[in-house]
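For reference, the structure is listed below as structure tokens.
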Amino acid sequence: AEPEAPAEPEEPEAPPPPPKKTGAGFRHAPPAVAAARRSAPAESVTPDRTVLCVTADTRTAKAVEEALRGSRFAVAAQVRDIDQALKQYGGQRTDTVLLDLQVPGALEQTLGGGLNPIRQFLQVDPNCRIVVTYTEDIKPLLAGAIRAGASAHVQLPYATGAVAEALGKALIARTVSAAPAALGVK
């Protein structure tokens with residue numbers, strides 16, 4: 001038998017063509033959705049925990065679904081305001097609630113001295129595990145959200161794995177309201 005000739009090295013694949021611009025001037029997808037896609041774990045896991053996603057922003061809702069793909073969490077429902085969220089949660093409890101602090105009614109109630117939406121969830125279920133999402137411009141309200149009973153927080157746009165990590169923290173300890181600094185809040 002003749003010895004085999006060494007295999008010729010394979011040429012690397014050509015890079016893909018540049019993406020076309022879509023809709024609002026984003027390439028492929030809005031930044032929040034693209035960030036969520038990058039954060040998706042490589043291995044697939046069957047979800048065994050449910051999340052009620054409370055956000056009025058459809059891009060954020062999509063980013064949450066993308067960020068949780070392949071994790072142990074699945075979005076059970078997505079609602080657009082506090083009243084809908086409380087009604088949904090009262091009828092179908094989920095393991096966690098992901099509450100966008102910019103959802104209609106949330107900031108007004110927090111700033112206006114009204115009944116804080118976090119406290120409203122805790123009145124429905126004292127064991128409710130709430131993760132708040134926020135943007136840099138409303139970060140000063142975060143400490144108040146934690147003191148009100150939020151279990152964890154995650155900043156928008158989401159960093160790789162941040163949503164699933166925050167939801168996991170919420171399951172471990174319902175609230176750290178006595179120690180917001182433990183969550184990196186001053």
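Between the side chain of Arg49 and the backbone N or O of Pro47, no donor-acceptor pair lies under 3.5 Å. A donor-acceptor contact shorter than 3.5 Å links the side chain of Asp95 to the backbone of Thr50.
Nearest heavy-atom pair, Val103 versus Ala56, reported as atom, atom and distance to 0.1 Å: CG2-N, 3.9 Å. Smallest separation of non-hydrogen atoms from Ala77 and Gln88: CB-NE2, 3.7 Å. Of all heavy-atom pairs spanning Val124 and Tyr89, the tightest one is CG1-CD2, 3.9 Å. Closest approach of Ile118 to Gly149, counting heavy atoms only: CG2-C, 3.8 Å. Of all the heavy atoms in Thr96 and Thr94, the pair that sits closest is O-OG1, 2.8 Å. Val54 approaches Ala85 most closely through the heavy-atom pair CG2-CB, 3.6 Å.
Taking CG of Leu52 as the start and CG of Leu98 as the end, the distance is 9.0 Å to the nearest 0.5 Å. To the nearest 0.5 Å, the span separating CG on Asn116 from CD on Gln123 amounts to 10.5 Å. Rounded to the nearest 0.5 angstrom, Arg129 CZ and Leu167 CG are separated by 12.0 Å. Interatomic distance, Leu99 CG to Ile130 CD1, rounded to the nearest 0.5 Å: 7.0 Å. Note that CG of Asp100 and CD1 of Ile138 are 7.0 Å apart. Values are rounded to the nearest 0.5 Å. Interatomic distance, NZ of Lys139 versus CG of Leu101, reported as 13.0 Å (0.5 Å rounding).
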Fill in: Evaluation steps, side-chain contact (heavy atoms from CB on, under 4.5 Å), between Thr58 and Arg80
CA-CA 9 Å; Thr58 55; Arg80 301 177 62 82; 3.6 Å; yes
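A salt bridge links Glu66 with Arg69; the closest basic N to acidic carboxylate O contact falls under 4.0 Å.
Inter-residue side-chain proximity for Tyr134 and Leu141 is flagged as unmet; no heavy-atom pair is nearer than 4.5 Å.
Remark: the Asp57 side chain and the Thr55 side chain contain no N/O donor-acceptor pair separated by less than 3.5 Å.
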